[in-house]
Novice: 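Provided herewith is a single structure, encoded as structure tokens, for subsequent inquiry.
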Amino acid sequence: MIKRIRAVWRDALALLFALGDRQTPTSARLLALGALAYALLPLDLLPDLTPVLGVADDALVVPGLLALAARTLPAPVYQAAQGRSLALQRRLPWLVPAVAFGALGAAGLLGWALWQALAG
């Protein structure tokens with residue numbers, strides 16, 4: 001399961017890099033935009049209030065649209081984007097703790113500033 005999630009993450013990140021390329025066809029851009037809109041907009045095939053099926057349609061439609069968008073990419077564009085994605089994933093184990101530490105530090109400074117403001 002973890003391998004599958006990593007593969008989906010790698011492909012989604014590669015698609016994101018490929019969308020910035022000028023050789024990317026408009027159809028791929030529209031499909032990726034459609035996937036993003038479907039994930040963010042409150043309109044669904046099945047309402048999210050339905051216990052399991054409400055989330056299942058998001059889990060099927062969004063990756064399906066992203067996979068279709070990736071298939072419409074030219075091979076050189078997709079290969080270059082996969083290379084950039086893998087390079088970022090090699091650095092990612094170092095980036096995640098750094099971002100988490102920075103967020104905790106910023107929250108601490110904000111809390112301290114709020115405490116000082118309320119104390120007087």
Side-chain angles (χ1 to χ4, degrees):
M1 176 100 170
I2 298 291
K3 287 183 182 182
R4 182 69 181 141
I5 291 172
R6 284 184 183 164
V8 168
W9 168 252
R10 182 193 66 228
D11 293 343
L13 193 57
L15 181 61
L16 179 67
F17 286 134
L19 290 177
D21 195 329
R22 291 181 184 218
Q23 296 176 352
T24 301
T26 305
S27 61
R29 293 175 196 258
L30 290 175
L31 285 168
L33 182 63
L36 179 65
Y38 188 83
L40 295 179
L41 291 176
L43 302 174
D44 284 335
L45 293 175
L46 295 170
D48 286 337
L49 298 175
T50 309
V52 174
L53 298 176
V55 179
D57 73 327
D58 291 338
L60 294 174
V61 171
V62 172
L65 286 174
L66 292 176
L68 187 59
R71 287 185 184 195
T72 62
L73 293 173
V77 171
Y78 190 64
Q79 289 171 352
Q82 275 187 329
R84 290 180 64 192
S85 173
L86 290 173
L88 180 66
Q89 286 182 12
R90 284 188 209 110
R91 290 183 298 200
L92 193 61
W94 296 100
L95 287 175
V96 170
V99 169
F101 182 71
L104 285 174
L109 285 174
L110 183 63
W112 178 78
L114 184 63
W115 180 264
Q116 293 297 320
L118 291 176

Novice: For Ala32 and Leu19, which heavy atoms make the closest approach, and how far apart are they?
Specialist: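 Minimum heavy-atom contact is CB-CD1, 3.6 Å.
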
Novice: What heavy-atom pair brings Ala28 and Leu73 nearest, and what distance separates the two atoms?
Specialist: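 Smallest heavy-atom distance, with atoms named: CB-CD2, 3.9 Å.
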
Novice: Could you pull out the closest heavy-atom pair between Arg22 and Arg29, with the gap in Å?
Specialist: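 Shortest heavy-atom contact: CA-NH2, 4.0 Å.
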
Novice: Measuring from atom CZ of Arg90 to atom OG of Ser85, what distance do you get when rounded to the nearest 0.5 angstrom?
Specialist: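 Interatomic distance, Arg90 CZ to Ser85 OG, rounded to 0.5 Å: 9.5 Å.
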
Novice: Once rounded to the nearest 0.5 Å, what's the spacing between atom CG of Leu31 and atom CG of Leu65?
Specialist: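 With rounding to 0.5 Å, CG (Leu31) is 6.0 Å from CG (Leu65).
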
Novice: Taking all heavy atoms of Gln23 and all of Val77, pick out the closest pair and write down the distance.
Specialist: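 Taking Gln23 first and Val77 second, the nearest heavy atoms are OE1-CG2, 3.2 Å.
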
Novice: Could you measure the distance from the CG atom of Leu15 to the OG1 atom of Thr24? Nearest 0.5 Å is fine.
Specialist: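 Rounded to the nearest 0.5 Å, the CG-OG1 separation comes to 8.5 Å.
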
Novice: When rounded to the nearest 0.5 angstrom, what is the spacing between CG in Asp21 and OH in Tyr78?
Specialist: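 Asp21 CG to Tyr78 OH: 14.0 Å, rounded to 0.5 Å.
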
Novice: Do the non-hydrogen side-chain atoms of Phe17 and Leu88 ever get within less than 4.5 Å of each other?
Specialist: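 Yes - at least one pair of side-chain heavy atoms lies under 4.5 Å apart.
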
